[in-house]
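Below, each value reflects all heavy atoms present in this structure, side chains not excepted, and no hydrogens, waters or symmetry copies. A, B, ... follow the sequence lines: proteins, then strands. Residue 1 opens every chain.
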Amino acid sequence: SQKIEQNSEALNIQEGKTATLTCNYTNYSPAYLQWYRQDPGRGPVFLLLIRENEKEKRKERLKVTFDTTLKQSLFHITASQPADSATYLCALYNQGGKLIFGQGTELSVKP
Amino acid sequence: NAGVMQNPRHLVRRRGQEARLRCSPMKGHSHVYWYRQLPEEGLKFMVYLQKENIIDESGMPKERFSAEFPKEGPSILRIQQVVRGDSAAYFCASLPTGGEAFFGQGTRLTVV
């Protein structure tokens, strides 16, 4: 069956450290994968999109990798700040155009 | 260009009543997705619509739930005869075609 799985446990890190979140998928062949941020009580906000022919993509302190062999994407936040505390979701489209989300990983950055 | 607008933000219904949730997509967007989210859980896909067409409703319960996206006006998610288990946050997202999805702020439905 098709699955998208993220670290189910919350991730707690110290300010200034790098946070690394994992997204694994099975039985999908996505052309690209997306990452979103969701704050409590609000809708998700798009962060980054990485295509299957891109190994790595960066945006300010964010870095995303995409390994289609391992069927995995890693999302990194460098020099993390308390304001980065949120739930981070990965998402991809199935062949029918349905946009599917992982269950999200809650990140908490302590000062 | 206003973002995706959902209303109401909060909706309280008694068991057995109907809930009608509205989503106005961004201008120029012809695709709408609806998701349901329970506390501490991820976004569960419900339905994918294009103007006047339901593309995929595989995540929507067969009974009591329906969705539409008419040629004019907002997309509507309708829940008939609500039960306590329908209490959740319902989010819609719009996009012009594939790629980045733009989400509304959600409607929090409480069934009492």
Side-chain angles (χ1 to χ4, degrees), chain A residues 1-11 21-25 28-52 54 57 59 62 64 75 86-108, chain B residues 2-10 21 23-26 29-51 53-60 67 69 88-110:
Chain A
S1 62
Q2 295 179 317
K3 288 183 186 177
I4 306 176
E5 294 180 311
Q6 297 184 244
N7 317 48
S8 56
E9 294 181 11
L11 182 61
L21 286 66
T22 304
C23 176
N24 295 293
Y25 59 92
Y28 286 105
S29 298
Y32 51 86
L33 188 143
Q34 305 178 44
W35 285 88
Y36 290 76
R37 169 183 172 141
Q38 186 176 23
D39 290 283
R42 303 186 72 85
V45 174
F46 172 82
L47 295 174
L48 278 170
L49 179 154
I50 185 166
R51 301 185 186 283
E52 61 180 340
E54 297 175 312
K57 197 153 189 182
K59 179 182 176 183
L62 307 180
V64 173
F75 177 82
T87 296
Y88 291 86
L89 303 153
C90 67
L92 53 78
Y93 287 95
N94 73 356
Q95 288 184 327
K98 186 161 74 174
L99 182 59
I100 308 296
F101 284 82
Q103 75 272 33
T105 298
E106 184 179 351
L107 172 66
S108 179
Chain B
V4 178
M5 304 299 292
Q6 287 190 249
N7 65 82
R9 289 293 307 276
H10 301 274
L21 288 61
C23 170
S24 295
M26 289 180 70
H29 288 191
S30 57
H31 299 236
V32 166
Y33 292 80
W34 283 94
Y35 296 86
R36 170 189 163 113
Q37 188 173 41
L38 291 169
E40 311 301 324
E41 292 190 11
L43 291 164
K44 299 294 185 192
F45 169 84
M46 297 183 73
V47 63
Y48 165 32
L49 310 109
Q50 292 179 19
K51 285 280 188 182
N53 284 308
I54 296 175
I55 306 302
D56 186 331
E57 58 182 348
S58 58
M60 203 157 63
F69 188 16
Y90 293 84
F91 289 96
C92 82
S94 80
L95 54 164
T97 180
E100 173 186 351
F102 295 81
F103 279 84
Q105 294 305 316
T107 293
R108 275 137 196 90
L109 171 66
T110 303

Checklist entry - Is a side-chain N or O of A:Y93 found less than 3.5 angstrom from the main chain of B:G99, in a donor-acceptor match? => result yes
Item to check | Part of B:Q6 within contact of chain A (heavy atom distance under 4.5 Å) | outcome: neither
Item to check | Toward chain A, the part of B:F102 with a non-hydrogen atom under 4.5 Å | outcome: neither
Checklist entry - Given a strict heavy-atom distance threshold of 4.5 Å, which part of B:A101 is in contact with chain A: side chain, backbone, both, or neither? => result both
Checklist outcome for this item: Bottom line for A:L99: the part with an atom under 4.5 Å from chain B's heavy atoms is both
Item to check | Segment of A:Q38 engaging chain B (4.5 angstrom heavy-atom cut-off) | outcome: side chain
Next on the checklist: Classify the ring geometry of B:Y48 against B:Y33: parallel below 30°, tilted from 30° to 60°, perpendicular beyond 60°.
Outcome noted: parallel
Checklist entry - Looking at A:G96, A:G102, A:G43, which one has more heavy-atom pairs under 4.5 Å with chain B than the rest? => result A:G43
Checklist entry - Taking atom CZ of B:R9 as the centre, does the number of heavy atoms from other residues, nucleotides or ligands within less than 6.0 Å exceed 12? => result yes
Next on the checklist: Donor-acceptor check, side chain of B:S94 to backbone of B:H31, threshold 3.5 angstrom: yes or no?
Outcome noted: no
Checklist entry - In this structure, are over 12 heavy atoms from other groups packed under 6.0 Å from B:R108 atom CZ? => result yes
Checklist entry - Counting N and O atoms only, with roles assigned by atom type, does the side chain of A:E5 sit under 3.5 Å from a partner on the main chain of A:N24, one being a donor and the other an acceptor? => result no
Checklist entry - So which of A:G41, A:G104, A:P40, A:A31 has the largest heavy-atom pair count under 4.5 angstrom toward chain B? => result A:G41
